[in-house]
2 protein chains.
Amino acid sequence: MQIADSPLARKLGSFVLLTDTELETLEALHRRRRRFVAGKDLVHQGQSDQSAYVLAKGWACSYKMLPGGTRQIVDFQIPGDFFGLRSILFRTSDHNVEPVTKIEASEILATDLLDAFQRAPRLATAVLWAASRDEAMVVEHLVSIGRRNGEERMAHFLLEMSARLMLVGQGDRTGFDCPLSQYLLADALGLSAVHVNRVLRTLRHDGLVTFQRGRVTFHNIDALAELAGFDATYLDHDGPLLR
Amino acid sequence: MQIADSPLARKLGSFVLLTDTELETLEALHRRRRRFVAGKDLVHQGQSDQSAYVLAKGWACSYKMLPGGTRQIVDFQIPGDFFGLRSILFRTSDHNVEPVTKIEASEILATDLLDAFQRAPRLATAVLWAASRDEAMVVEHLVSIGRRNGEERMAHFLLEMSARLMLVGQGDRTGFDCPLSQYLLADALGLSAVHVNRVLRTLRHDGLVTFQRGRVTFHNIDALAELAGFDATYLDHDGPLLR
DNA sequence: CGATGCTTTGAATATTTTCAATATTTGTGG
DNA sequence: CCACAAATATTGAAAATATTCAAAGCATCG
């Protein structure tokens with residue numbers, strides 16, 4: 001069995017040991033490489049016949065708009081991540097996706113995905129697993145917003161992003177490059193942008209972490225994890241369950 | 001093709017037109033009917049080899065504990081709902097499940113589910129769809145906690161529960177029976193129990209909704225939906241995508 | 001009927017937002 | 001490479017929102 005080097009194959013392969021047919025079917029999903037500029041939505045809440053994507057380069061975010069004009073960012077996507085899957089399964093999208101930076105992504109049409117599941121049925125189980133992993137992240141995000149204060153939320157968020165980025169070979173224990181503005185952080189963490197600024201100042205003054213000029217630098221990652229109550233098990237790959 | 005009357009078959013059938021084999025395979029998942037008393041967890045955060053369940057009677061909730069001893073309820077389950085799916089896919093559970101009332105549920109072992117996927121591969125796609133629908137609810141919950149105030153959150157929550165209950169034939173436009181205490185509501189909505197009480201008083205005084213002695217009564221459901229910014233599309237079934 | 005859990009209310013405090021103003025950084029065209 | 005405009009970050013003060021602590025009133029169920 002050959003090793004595929006697409007991020008998607010690597011991710012799914014950690015759950016299901018993929019056969020050659022399955023690998024080929026996966027690779028076929030990567031025709032239709034697209035580029036998008038930052039800030040212009042590529043999946044639209046309420047629209048039908050939207051595609052899903054696998055992100056290859058750059059950062060994006062999924063969010064929902066509220067009647068008052070505010071929004072809540074549900075999730076950030078980094079290279080190797082899926083997005084827009086629900087737009088396929090529900091025919092019409094319940095959320096928006098906006099590139100945070102300029103991005104490159106493979107577009108996956110509804111029929112592509114359903115055909116792939118027909119050709120290689122175990123892929124459906126693998127995608128179910130990947131989607132559940134994403135759901136676990138949303139759940140942890142929910143817990144953060146529901147029960148952690150500003151500092152704890154920020155700490156947890158930065159640690160989670162760091163762990164996710166390290167899984168795809170970006171950043172290290174000292175920190176990571178981060179293209180998010182304080183407005184984006186606010187929309188994600190359920191805070192005001194002003195408060196995000198104050199929270200970052202507090203964490204900086206306490207010698208825990210610095211976020212300046214697009215770079216997150218950890219000064220005391222253990223104290224930060226302690227503050228956040230951070231437990232990365234929900235991100236861990238354990239080795240394939242399906243053989 | 002016969003019509004199966006299990007809630008699971010009805011739910012998955014709204015996404016995939018199920019064949020006889022698929023229906024039989026589904027029904028086989030309903031051996032192992034279990035009863036549980038209220039308040040005693042049946043899925044445990046951090047434990048491995050946990051089962052998933054399909055709820056037949058009663059209400060349950062999924063939640064996560066935090067280091068400080070507080071908890072965040074992620075989701076309530078009502079008859080027909082799945083829970084503990086992630087405990088199977090990840091071998092170890094990242095959350096707890098507690099019966100709110102006494103419940104009856106069918107236990108589904110990891111091997112049961114994976115065998116069923118092998119025997120009837122389209123079931124995996126159907127379960128992916130159902131899991132995505134659950135994820136959409138968690139996302140809406142996240143949005144609520146992140147960007148709505150106490151009154152809006154409560155309004156949204158009550159409307160969502162009403163819509164979900166009506167899908168399984170419980171309650172109507174005038175209201176529904178609800179076994180949740182203000183403590184449970186607080187843990188779900190990311191508020192304190194005291195504040196939940198004040199929020200309910202405000203909604204009652206404003207003539208929108210009354211929640212007393214286990215019964216939710218809508219007085220002005222349109223105004224309530226307006227206040228909450230409630231849009232039920234994320235709960236809608238559209239008719240099967242897979243034939 | 002008595003114990004227990006749930007609901008209700010008040011008052012003081014903590015957290016977060018909003019509004020407003022001022023720095024700083026970044027990107028762009030000349 | 002500089003100057004300028006736009007975007008982003010920072011700070012203060014007042015107001016809104018929600019929490020905590022404490023106490024009392026109601027249900028409910030054996």
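In the text below, chain A, chain B and the rest are named by the order of the sequence lines, each starting its count at 1.
In this pair, B/Tyr53 and B/Phe36 present their aromatic rings perpendicular. The plane angle is above 60°, beyond the 30 to 60° band. Taking the six-membered ring where tryptophan is involved, the planes of B/Tyr234 and B/His156 are essentially parallel, since the angle between them stays under 30° and well short of 60°.
Within 4.0 Å of B/Leu200, counting heavy atoms only, lies no atom of the nucleic acid at all. B/Ser181 comes within 4.0 angstrom of sugar-phosphate atoms only, judged by non-hydrogen atoms across all strands, and of no base. Residue contacts shown for A/Gly214 are absent, as no nucleic acid heavy atom lies under 4.0 Å away. Residue B/Asn197 is in base contact, counting any heavy-atom pair closer than 4.0 Å across all strands shown.
The base of C/dT18 sits with one of its N or O atoms less than 3.5 Å from a complementary donor or acceptor on the side chain of A/Arg198.
Of the side-chain N and O atoms in B/Arg201, none sit less than 4.0 angstrom from OP1 or OP2 of C/dT8. Listed pair A/Gln212 / D/dA9 fails the phosphate criterion, with no side-chain N or O lying under 4.0 Å from OP1 or OP2. The shortest distance between the side-chain N/O atoms of B/Arg204 and the OP1/OP2 oxygens of C/dT8 is below 4.0 Å.
Rounded to whole Å, atom C1' of C/dT8 lies 13 Å from atom CZ of B/Arg213. In this structure, A/Gln182 atom CD and D/dA9 atom P are separated by 4 Å, rounded to whole Å. Here C/dT15 presents its C1' atom at 14 Å from CZ of A/Arg147, a figure rounded to the nearest Å. Rounded to a whole Å, the NE2 atom of B/His195 is 14 Å from the P atom of C/dT9. What separates CG of A/Asn149 from C1' of D/dT20 is a distance of 15 Å, to the nearest Å. Between A/Leu189 atom CG and C/dT17 atom P the separation is 10 Å, expressed in whole Å. Atom CZ in A/Arg153 sits about 6 Å away from atom P in C/dT16, given to the nearest Å. At whole-Å resolution of the value, CG in A/Leu185 and P in C/dT16 are 16 Å apart.
Nearest heavy-atom pair, A/Ser51 versus A/Glu107, reported as atom, atom and distance to 0.1 Å: OG-OE2, 2.6 Å.
When the shell of 6.0 Å around CZ of A/Arg215 is examined, it contains more than 12 heavy atoms from other residues, nucleotides or ligands.
The B/Leu191 side chain lies nearest to D/dT19 when the options are D/dT19, C/dT7, C/dC19.
With the nearest nucleotide of DNA chain C identified for both A/Ser192 and B/Phe211, B/Phe211 has the one nearer the 5' end.
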*Carefully, step by step, assess A/Phe157 and A/Phe76 under the rule ring pair (Phe, Tyr, Trp, His ring centres under 6.0 Å).*
CA-CA 11 Å; A/Phe157 174 77; A/Phe76 290 103; 5.7 Å; yes
